[in-house]
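Presented below is the structure to which this report refers.
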Amino acid sequence: MNDELKYPHLFSPIQIAGQPFKNRIFGAPTGFVDQDKDGMLPPEAALYYARKAMGGAASVTVGGCAVDSELGLGQGYTIRLDHNFSGAPYSFHGLTRVSEMVSRYGAVCCGELQHAGMYGNRWLNPPGIAYGPTDSVDIDGRVVHEMPEEIIERTIRKYAEGAAFLKKCGFGMVLVHAGHGWLLHQFLSARLNTRKDKWGGPDIENRARFTIAVLDAIRKAVGPAFPIEVRITGSECYEGGYDIEEGIAIAKQIDGKADLIHVSVGSHEVEKVFTITHPSMFCEDGCNVKFAAEIKKHVKSPVAAVGALTDPELMEEIIASGQADVLSVARGLLSDPDLPLKARAGHKEDINTCMRCLACFSNLMNTGRFRCAINPELGWESEMRIETPPLKQKKVLVAGGGIAGMQAAITCAQRGHQVILCEKSDSLGGTLKCEDAVPFKRLLKAYLLRQTAAVEKSGVEVRLNTAATPALAREISPDVVISAMGAVPAVPKINGIDGSNVLSAEYAYVHPDQAGEHSVILGGGLVGMELAVYLSMLGKRVTIVEMMDHVNDGGNYQHMKGLQEELDKYNVDVQLSTKALSIESGAVWCERNGEKTHLNADTVIYAVGQRPLRDDAYELAACAPEFYPVGDCIIPKNIMNATSMAYAVSRSIGRL
């Protein structure tokens, strides 16, 4: 072991079924759903997966490979391992391209084998046939049939054929998904699998028989020197689901049948545990490792842990203490695919640590593409490969030191431009600095500090307490002005809004002590709801008033799942379809369903959105040959929008 490495256990090699892996950081399965109806991957998919391999991951897993395109699809846009044309699967070329690109960087390419079982074909219109452990009716009223013996045998064969096909495509490992509510998990679950034959019932031996048969068939198809990883749910983490003791029993059954037991938690069919399976910002780092650590005590096979793993010091301790043999990382490699290389070099401070905001998952579901709030390159890998040096180095004035301004300054400086960043306040970070003291926003605070340090290291001339006025711009005489003025809280037009008992959300975040014991927050967007949770954590009682008949998640509905759990936990009262009419001392008058209602309130806090400083931004439009407004000063949205726009604009400067 190399004593010079800061994290020697994390970066020690491991051999699994004869396959060497250069370190213990494996890229967890993340699907690439931007594909055609036949499940063919475009060239962009290879670049997406290869970027993780380039960053130093020992293994990169291609998610969502369906073994049965007739009965096992969980959604339409899925890689289909058995969809043939004249005997050749449509997906062959795309998958081969992925494996070749991943392997070129010294990583092992792995493919995740899936079958949706009782949840298959529900995306069709009308929904198609589905087989599960027993006869049942799903939430949409569709009849699910008990999987007969011949379909079980067919499915076992499909798994084996799918694994053999991936090996033919150049993959060096397969991951059998037997958790999270997929088919094999359905058979493992005593709640779902009440069959009376050898494939189910109360005995774990019967319920595990299907999974073991699949693993045995795959082994026969791929040979002894080809690693088989199996992902299980160590605990379902919801009322009525099984606990870690059942997870241990499952692991004991498959011990020795799989070469690596990958321990996750939860089920994709139980919405409230989504942000446990995929830990939210309200969870601690490595929160699910304890399940893998407990299972490792009872099995001989190597064990992989997953969930909220981005801190190399924590990761080193997990491996060194024997809690797990491998660490599977998903979002951590989306926010920074170079995490392994940076950690190995001892540069923890440079890792673009995932904030666990779940913008990546929400964007995947909304648009079919992964995007990251703080990694503007994610999803644009094909564009990133074309690195054209600027034809001319330019003097760039960046007006505003918030999210967009800092990213613009960093990117411009990295490309060799002379950058002057003017910020009217005494520090960088913008309006989001107001959340510095919020416990569940500690990763956001770390990001702002990291970007501030990056601005300083990149050689940007930073002028604090300096407003970027037209007069100053003319004095500087820049070639380019990037206006990132941001936005300010919008003030609702309500009688009494200027009262001494009224605060803006931004002010309340910084001065929570000035909020009374009972606060009414006007606005059910993310800012208002997160503030409600924060104040509730401090022991205050909070009511949210929202005009619409639903809260506004800003498009990040996956984050909303975790946020809703916190709202419920702290008994935050959310009044929907309710309009605030006036504010007086100790109360807010509202209207709901045509009737006036009276809400007691020591403090009223408005969180009704942001007003863009568009006029201020455009005052600089005539101060340089090139002018680019970016971020919230155009239309207030989110961190991802500000970061992405600032990066793209800055990367294009100097073309002409």
Are there more than 12 heavy atoms of other residues, nucleotides or ligands under 6.0 Å from atom [atom1] of [X]?
{"X": "Leu449", "atom1": "CG", "answer": "yes"}
{"X": "Lys637", "atom1": "NZ", "answer": "no"}
{"X": "Tyr557", "atom1": "OH", "answer": "yes"}

Minimum side-chain heavy-atom gap [X]-[Y] below 4.5 Å:
{"X": "Val174", "Y": "Val222", "value": "no"}
{"X": "Phe171", "Y": "Val102", "value": "no"}
{"X": "Gln451", "Y": "Gln407", "value": "yes"}
{"X": "Lys392", "Y": "Lys394", "value": "yes"}
{"X": "Asn641", "Y": "Thr643", "value": "no"}
{"X": "Val533", "Y": "Phe440", "value": "yes"}
{"X": "Arg385", "Y": "Glu383", "value": "no"}
{"X": "Arg80", "Y": "Ser91", "value": "no"}

Backbone N or O of [Y] within a donor-acceptor pair of the [X] side chain at under 3.5 Å?
{"X": "Arg331", "Y": "Met355", "result": "no"}
{"X": "Asn288", "Y": "Ala305", "result": "no"}
{"X": "Asn363", "Y": "Phe370", "result": "no"}
{"X": "His185", "Y": "Thr233", "result": "no"}
{"X": "Arg369", "Y": "Asp34", "result": "no"}
{"X": "Tyr49", "Y": "Thr30", "result": "yes"}
{"X": "Arg371", "Y": "Phe361", "result": "no"}
{"X": "Ser235", "Y": "Val265", "result": "no"}
{"X": "Ser103", "Y": "Glu100", "result": "no"}
{"X": "Thr411", "Y": "Ala408", "result": "no"}

[X] [atom1] to [Y] [atom2] distance, which is reported to the nearest 0.5 Å:
{"X": "Leu464", "Y": "Leu421", "atom1": "CG", "atom2": "CG", "answer": "8.0 Å"}
{"X": "Gln418", "Y": "Cys412", "atom1": "CD", "atom2": "SG", "answer": "11.5 Å"}
{"X": "Asn556", "Y": "Ser362", "atom1": "CG", "atom2": "OG", "answer": "3.5 Å"}
{"X": "Glu461", "Y": "Leu397", "atom1": "CD", "atom2": "CG", "answer": "10.0 Å"}
{"X": "Ser335", "Y": "Ile351", "atom1": "OG", "atom2": "CD1", "answer": "9.0 Å"}
{"X": "Tyr628", "Y": "Glu626", "atom1": "OH", "atom2": "CD", "answer": "3.5 Å"}

Pair Arg356-Asp285, salt bridge (Lys or Arg N to Asp or Glu O under 4.0 Å): steps then yes or no: CA-CA 10 Å; Arg356 302 209 291 274; Asp285 291 354; 3.0 Å; yes
Aromatic ring pairing Phe282/His559, orientation class (parallel under 30°, perpendicular over 60°, tilted between): parallel
Parallel, tilted or perpendicular: ring planes of Phe11 versus Tyr7, cut at 30 and 60 degrees: tilted
Audit row: Glu435, Tyr534, side-chain hydrogen bond (donor to acceptor under 3.5 Å, both in side chains) steps and yes/no: CA-CA 10 Å; Glu435 299 180 13; Tyr534 177 45; over 6 Å; no
Option passing side chain to side chain contact (heavy atoms under 4.5 Å, CB included) with Phe26 (candidates Leu333, Leu175, Leu260): Leu260
Full working for side-chain hydrogen bond (donor to acceptor under 3.5 Å, both in side chains) between Arg24 and Ser12: CA-CA 7 Å; Arg24 307 303 179 94; Ser12 62; 3.2 Å; yes
Salt bridge or not for [X] and [Y], using N-O below 4.0 Å?
{"X": "Asp436", "Y": "Lys445", "answer": "no"}
{"X": "Arg463", "Y": "Glu423", "answer": "no"}
{"X": "Lys6", "Y": "Glu316", "answer": "no"}
{"X": "Asp350", "Y": "Lys457", "answer": "yes"}
{"X": "Lys52", "Y": "Asp338", "answer": "no"}

Aromatic contact, Phe274 with His268 (centres under 6.0 Å): no
Glu317 and Gln323: side chain donor to acceptor below 3.5 Å: yes
Intermediate values then yes/no, side-chain contact (heavy atoms from CB on, under 4.5 Å), Glu381 and Glu44: CA-CA 7 Å; Glu381 288 81 10; Glu44 289 79 9; over 6 Å; no
Residues which pass side chain to side chain contact (heavy atoms under 4.5 Å, CB included) with Asn352, listed by chain and number, not counting sequence neighbours: Asp336, Ile374, Asn375, Tyr447, Arg450
Test log, rule salt bridge (Lys or Arg N to Asp or Glu O under 4.0 Å), inputs Lys342 and Glu349: CA-CA 9 Å; Lys342 292 176 180 177; Glu349 71 281 0; over 6 Å; no
Check against side-chain contact (heavy atoms from CB on, under 4.5 Å), His262 and Val230: CA-CA 6 Å; His262 176 143; Val230 62; over 6 Å; no
Trace of the salt bridge (Lys or Arg N to Asp or Glu O under 4.0 Å) decision for Asp479 with Lys395: CA-CA 5 Å; Asp479 302 303; Lys395 181 189 287 188; over 6 Å; no
